[in-house]
Number of protein chains: 2
Amino acid sequence: MPVLISPSLDEARKELVVGLEARKLVVMVASCSVEYSGRTGSHLGEGERLVIVKGDGCILVHRGHDYQPVNWQPSGCIIQAHANDGTLVLKAVRPSPLESLTLVVKEIQFLGSFVLQDAAEFILHASEEEMQRAIILQPDMIEPGFKILDFEKKVPPGFVDVYGVDRDGNIVVIEIKKDPAGFPVIKQLLEYLKYLQAPPGRKLRPMIVAPSIAKGSQSTLAKSGIEFKQLTLQKAVEILQKYARSDQQALKSWL
Amino acid sequence: MPVLISPSLDEARKELVVGLEARKLVVMVASCSVEYSGRTGSHLGEGERLVIVKGDGCILVHRGHDYQPVNWQPSGCIIQAHANDGTLVLKAVRPSPLESLTLVVKEIQFLGSFVLQDAAEFILHASEEEMQRAIILQPDMIEPGFKILDFEKKVPPGFVDVYGVDRDGNIVVIEIKKDPAGFPVIKQLLEYLKYLQAPPGRKLRPMIVAPSIAKGSQSTLAKSGIEFKQLTLQKAVEILQKYARSDQQALKSWL
DNA sequence: GCCTAGGTCCCGTAT
DNA sequence: ATACGGGGCCTAGGC
């Protein structure tokens, strides 16, 4: 875990090269200027920043404020460090789309390189997918008698989240949102409808499943003939947990 | 610029509290577990990570790989550090939407706190806005005789990027994209058209200005009656530079 | 490779 | 405060 305090640029370059080679995490606090060129371009004059280089070839330049890095390059870059004219030049090139990030480092306060032991799995609960799973596991939460025919069903403009049939044989076309549903969802659903047909004598029932409807979209929804079924992430998670439990019980009763 | 190597949790907590108080940048390499709860929730078991806390109240937890942080909280959070049961607990609460991030730190390899001197301005070149400016500065790059009537013109579903008239008095409705234009742009433009009318005897000419058309959208575009005018970011930047130059010349000739 | 959709997206701007 | 669109968005999944 080498840590250098106010190293010379050449000491830093050596440690950086070693760190890159070993695919370590290198963290640096340094005064630098930054140029980006690729899909567009950017310029940032000299100033002190936090620079992070990761083993998978991504680089982040953070200022003293803001959530997002001011400049960066995602994973999969080729990163090189050169001495140049009394400065340390860090270059990160992304092959596709071809773009490059160049840091000219003038002075380094701190440089450390680390190997992070981290085997933990990251688990994210509750997303649109969980809502979809909840509906698929327990279709009658939409309404009694509702049956799933398909999900992620392909139509030319995209994918229908859930596609099913109600107790009267009408086709139900469901678009799921985990956030309050606004105009775009309504448009998207109406677009899908153009490519779907109900059997003779039956109807198409477009339906939005979401925690709520965005304020400004209430009236549009009413006019559009789209139904709304409330489902919060929390309720979806509860359903999934209930099923996880009953799955376990089903398993136990089998043994 | 205090830097602690393998500090005790209590030493680290003290330095962290001082750093937070002073709104410094605190960087930490530590073994920790992370819980997030808010719009959704997440869990990450123990492992070594890079933790960044900035003066504006944002926090980032980075693993040894990936561009994006595994957990985070954006600016404007209330961040606190407590000792708890032989661990150091870092909590970041975001008021709206209400959500919280909790790190339980077991062991610290490194902790540094920094004040970053950074007054530089960040300049990003060439975006959709640059393309719009290029068209506005030199309307006849669209076609000879084209005149601007308005831009960012409000229609119920959104804003028309550029709104103008051709040499024959037909209304040209332009939607600009910096990336290859696909289905969504076509839909958006057609949506806008519903709320626009040409003068009697004139036509509405919907037009997409973009570097290219997405492959799958070629036929849709053809059927839709929308025209396509190629403009790359690069060409837009050239036009802007030309005008910058001629502005300077105009200025010089004035003096 | 391109295209589509989702994200704890974040972020600014206008309402 | 909420809604809407843009982003060097990034990232994952299909084709």
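Protein chains get the first letters and strands the later ones, always in sequence-line order, with residue 1 at the start of each. For the numbers below, each heavy atom of this structure counts, side chains included, while hydrogens, waters and symmetry mates do not.
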Going through the checks in order, is the salt bridge (Lys or Arg N to Asp or Glu O under 4.0 Å) test met by B/Lys187 and A/Glu191?
CA-CA 9 Å; B/Lys187 280 189 238 169; A/Glu191 203 57 33; 5.2 Å; no
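You cannot call A/Tyr67 stacked on the base of C/dC10; the centres under 5.5 Å and planes under 30° rule is not satisfied. With its ring centre under 5.5 Å from that of the base six-membered ring and a plane angle below 30°, B/Tyr36 counts as stacked on C/dT8.
Among D/dT11, D/dG8, D/dA3, the nucleotide with an atom closest to any side-chain atom of A/Ala214 is D/dA3. For A/Glu175, taking side-chain heavy atoms from C-beta onward, the closest of the listed nucleotides D/dG8, C/dG6, C/dT8 is C/dG6. Of the candidate nucleotides D/dC9, C/dA5, D/dC10, D/dC9 has the atom lying nearest to any side-chain atom of B/Lys178. Distance from the side chain of B/Phe183 is smallest to C/dT4 among C/dT4, C/dG6, C/dC10. Taking the side chain of A/Gln73 as heavy atoms from C-beta on, and the options D/dC4, D/dG8, C/dC3, the nearest nucleotide is D/dG8.
Atom pair A/Leu124:CG and D/dA12:P shows a separation of 13 Å (rounding to whole Å applied). We find that CD of B/Gln132 is positioned 11 Å from P of D/dG7, with the value rounded to whole Å. Across the protein-nucleic acid pair, B/His65 atom NE2 and D/dC10 atom C1' stand 16 Å apart, rounded to whole Å. Between the CG atom of B/Leu189 and the P atom of D/dG5 there is a distance of 14 Å, given to the nearest Å. For A/Arg63 and C/dC11, the CZ to P distance is 14 Å, given to the nearest whole Å. Atom CG of A/Asp179 is separated from atom P of D/dA1 by 18 Å (rounded to the nearest Å). Look at CD1 on A/Ile186: it is 12 Å from P on D/dA3, rounded to the nearest Å. A/His62 has its NE2 atom 14 Å from the P atom of C/dC10, to the nearest Å.
Nucleotide D/dG8 is matched to nothing when pairs are restricted to Watson-Crick or G-U wobble geometry with both distances under 3.5 angstrom.
When the side-chain nitrogen and oxygen atoms of A/Lys177 are compared with OP1 and OP2 of C/dG6, one or more of them lie within a distance under 4.0 Å. For D/dC10, one of the phosphate oxygens OP1 or OP2 lies less than 4.0 angstrom from a side-chain nitrogen or oxygen of A/Arg39. For the OP1/OP2 pair of D/dC10 and a distance below 4.0 Å, the side-chain nitrogens and oxygens of A/Trp72 include at least one atom meeting the criterion.
A/Lys154 comes within 4.0 angstrom of no nucleic acid atom, judged by non-hydrogen atoms across all strands. B/Phe159 comes within contact range of no nucleotide atom at all, as no heavy-atom separation falls under 4.0 Å. Within 4.0 Å of A/Gly158, counting heavy atoms only, lie sugar-phosphate atoms of the nucleic acid but no base atom. At the heavy-atom level, A/Phe122 lies under 4.0 Å from base atoms of the strands shown. Nucleic acid contact class of A/Ser96 (heavy atoms, under 4.0 Å, all strands): sugar-phosphate only. Within 4.0 Å (heavy atoms only), B/Gln68 reaches sugar-phosphate atoms of the nucleic acid but no base atom. Across all strands shown, A/Glu128 has heavy atoms under 4.0 Å from sugar-phosphate atoms exclusively, and none from any base.
Listed for the A/Glu175 side chain is no donor-acceptor partner under 3.5 Å among the backbone atoms of A/Ile208. In terms of modelled atom types and a separation under 3.5 Å, the side chain of A/Asp56 and the main chain of A/Ser75 share no donor-acceptor contact. Proximity of a side-chain donor or acceptor of B/Arg49 to a complementary backbone N or O of B/Gly64 within less than 3.5 Å is not detected. No side-chain donor-acceptor contact under 3.5 Å links B/Glu99 to the backbone of B/Gly38. For B/Asp161 (side chain) and B/Ile176 (main-chain N/O), a donor-acceptor pair under 3.5 Å exists by modelled atom type.
Nearest-nucleotide assignment on DNA chain D puts the 5′-proximal partner with A/Ser42, out of A/Ser42 and B/Asp66. Taking for each of A/Glu129 and B/Pro74 the nucleotide of DNA chain C with the nearest heavy atom, the 5'-most of the two is the partner of A/Glu129. For the pair B/Gly41 and A/Pro97, nearest-nucleotide mapping onto DNA chain C gives the more 5' position to A/Pro97. Heavy-atom nearest nucleotides on DNA chain D were determined for A/Arg94 and for B/Asp161, and the one closer to the 5' end corresponds to B/Asp161.
Annotation: A/Lys235, atom NZ; neighbour count of heavy atoms from other residues, nucleotides and ligands within 6.0 Å is above 12.
Nucleotides D/dG8 and C/dA5 place their P atoms 22 Å apart, quoted to the nearest Å.
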